[in-house]
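Here is the structure we will look at.
Each residue takes its place number in the sequence, starting with 1. Start at 1 and go down the list; that is how both ligands and their atoms are numbered.
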Amino acid sequence: MQFGLDFSHERDLEIEELARRVLAYYPNADMAMLRKAYFFAQKCHIGQKRSSGEDYFIHPVNVAAALVKLNMDMDSVISGLLHDVVEDCDIHPDLIEKEFSKNIANIVIGLTKISKIKFRNKEESQAENFRKMIVAMAKDLRVIIVKLADRMHNMRTLQYISDEKQKKIAQETLDIYVPLASRLGINSVKAELEDLCLRFLKPEVYYKLAEKVAMKKEDREKYIRDTVAVIKDNLISYSMDAEVTGRSKHFYSIYKKMISRGVDFEQIQDVLAFRIQVNNITECYKGLGIIHSSFTPIPGRFKDYIAIPKLNGYQSLHTTVIGPAAERIEIQIRTHEMEEVAETGVAAHWKYKEGVSGKNVTKLAWVQELLEFNKNVDSNSEFMNVVKNDLDMGGIYVFTPKGEVLELRHSATPLDFAYAVHSEVGNHCVGAKVNGKIVPLRYKLKSGDSVEVLTSKTQTPSKDWLNIVKTSKAKTKIKQWLQKVEREHSRDVGEDLLEKTLRLFSTSVKTLKKSEAWNDILKGCNLQSDEELFIGVGAGKITTQHILSFAPTLQKKGTEEGPEIIEQKIDEISTYSQKLTDAVKKKAHRDNAVIVDGMDDLVVRIAKCCSPIPGDPIVGHITRGRGITVHTVSCDRVEMHDAERTINVTWNEEFKFKHPVNIRVITHDRPGMLSQISNAINKLNINIRTAIAKSLPDRKGSFLFEVEVKDFSELLRITSALESLEEVISVSRI
Ligand code: MN
């Protein structure tokens with residue numbers, strides 16, 4: 001690269017336009033730096049072309065312009081201009097740091113790293129990519145905002161590349177960048193990306209929609225104008241001055257509605273959305289009151305995201321009403337500030353504000369949580385699932401006993417709730433009351449549920465819990481606990497094994513620790529601490545023979561047993577840890593439905609009083625002469641047991657047999673009910689052991705079934721299948 005770095009004499013229409021727009025929101029911006037970046041990038045990309053045949057430089061300029069539109073700070077806009085120079089022009093990041101700043105260099109480095117990620121269809125590698133993106137984001141969230149601007153311009157110019165590449169890039173955008181934009185609350189970018197994805201992934205759908213929307217365009221625009229006027233009149237009659245706008249929803253959201261409701265475009269009623277912008281929160285609610293008294297609201301469609309903002313910071317009131325032309329319309333009411341957050345999301349944090357530096361929010365809590373989780377997983381696809389779930393916007397809002405609101409992801413369980421409250425609450429959670437009723441840990445929480453966690457000092461996390469929880473926070477905490485327990489167990493076993501071995505040499509761990517030989521052993525095994533050594537032995541990774549080889553001065557104990565026998569004993573001890581590990585594995589394969597902590601060959605019986613099935617939290621009770629009885633944690637009998645005779649048990653995942661469970665179905669008394677219910681159960685491939693039918697007073701029927709299920713989720717399938725039958729009043733497990 002041969003050119004000077006003094007561009008102060010250069011002028012160009014494009015940069016003047018960009019500068020003008022920056023000055024509009026950031027009057028004190030460093031224009032010299034912006035110009036320098038502009039001409040620097042222009043020189044770097046000279047001679048390079050886009051697939052469209054245009055000069056490559058139009059791309060970074062458009063990326064910078066998109067960032068200006070989001071009112072981003074100068075570091076981001078300049079990074080937008082420079083984002084491809086390291087990758088495409090072999091500019092060293094050090095030069096960027098020297099000529100611009102460390103922050104800008106870091107953002108460009110982050111972008112270069114992301115651009116090298118090769119996205120493939122295989123989920124494994126996609127997970128790895130996602131992980132890298134999260135890591136890049138955590139350093140400086142602006143990396144991802146610049147990346148989104150970059151992707152947006154590439155999507156806007158996608159028509160110039162081959163069909164095959166179009167599809168690939170559009171799919172990747174829909175899978176990765178759209179959820180990110182959504183999670184960061186940058187709705188303007190999200191909506192545009194979604195429409196572009198639809199255009200390239202499903203052109204037939206996109207163009208048909210575009211045609212239909214265009215066909216009625218004049219009618220629609222008139223309707224929007226009229227409705228805006230009516231809404232305004234209503235507000236003014238209550239002397240409220242507000243900005244009212246209306247628009248068609250974007251194509252992708254119409255398309256999603258058509259798919260989810262299984263209807264045609266013509267049948268979608270609420271294609272239009274109106275927005276009322278006011279000055280403060282009081283006016284929002286006042287405006288809502290006026291709207292609801294002027295138009296008929298549709299029940300169940302009102303959402304208050306002001307009182308309970310979405311995770312990405314979005315706030316607004318939403319309601320759907322019957323509009324002036326008897327058509328459903330959606331109305332959003334928010335302050336001007338909320339509007340800004342809604343359009344630009346997290347980007348609003350970097351918006352220049354007088355006297356406020358934009359650096360205070362560079363990291364978000366959920367990014368931190370993901371990173372934390374990232375440290376604790378080895379399987380990529382698992383990470384991918386969690387990331388996908390955490391990016392999923394379908395959050396629910398539940399109440400703590402104190403009436404505080406917690407947002408959790410969709411299908412979160414009471415256990416997720418417990419961990420969201422505190423990891424100690426999670427670790428000791430035995431069950432939960434939802435709206436006053438005891439529910440299983442697998443229960444799917446719904447918005448509005450009041451959740452009270454039940455804890456017990458003796459309760460500790462089990463491996464099963466990993467299959468129950470849905471949030472990364474809960475998964476991370478459970479794994480940390482399990483790892484800690486495993487390490488402690490290994491340490492104790494290891495110390496014990498080493499002690500036994502050393503006795504054959506007339507010494508002990510305590511004595512040896514004080515000698516020189518101990519340091520030789522640690523050094524020889526390449527370990528830092530005693531603890532690591534014990535854990536290594538306990539986990540079967542280091543044999544005692546290996547340890548002894550670093551302590552050649554140890555003398556075998558007296559000769560009365562003979563050296564061969566001593567040798568044989570060392571051998572035995574050394575392979576003992578291996579046997580231990582094998583035994584644990586074997587135990588899991590055995591035919592017991594339940595694994596009992598630290599005990600082998602016990603008779604395990606499933607309690608008849610509560611008939612727990614896999615998925616239920618369980619506890620073991622040691623009975624006199626009859627082994628162990630397994631109850632659900634919430635079983636009434638458990639409370640009568642003494643704590644000393646209670647033992648930790650977990651479901652054996654290897655167990656293949658089915659479990660009996662009783663369900664009671666109450667129905668309206670109609671002929672043929674029994675066969676109707678039996679058919680519904682049989683359809684699910686569930687075996688019915690017994691069935692008892694009974695007539696109840698007031699023309700109701702009661703059916704008692706004993707069925708065999710694999711686990712709790714299979715039971716849920718049965719209950720929901722039965723609940724969907726018209727004559728069924730209630731289904732309960734007894
Ligand atoms: Mn680019």
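Side chain of D195 to backbone of Y252: a donor-acceptor contact under 3.5 angstrom is found. K36 contributes a side-chain N or O that, together with a main-chain N or O of E99, makes up a donor-acceptor pair within less than 3.5 Å. K477 contributes no side-chain N or O that, together with a main-chain N or O of K475, makes up a donor-acceptor pair within less than 3.5 Å.
For the Mn ion (ligand 1), protein N, O or S atoms under 2.8 Å: 4 in total.
With Y255 as the aromatic partner, K202 does not meet the cation-pi criteria of under 6.0 angstrom to the ring centre and within 45 degrees of the ring axis.
Between Y207 and R199 there is a side-chain heavy-atom pair separated by less than 4.5 Å.
For an aromatic pair to be called close, the ring centres must be under 6.0 Å apart, and F57 with F39 fails this.
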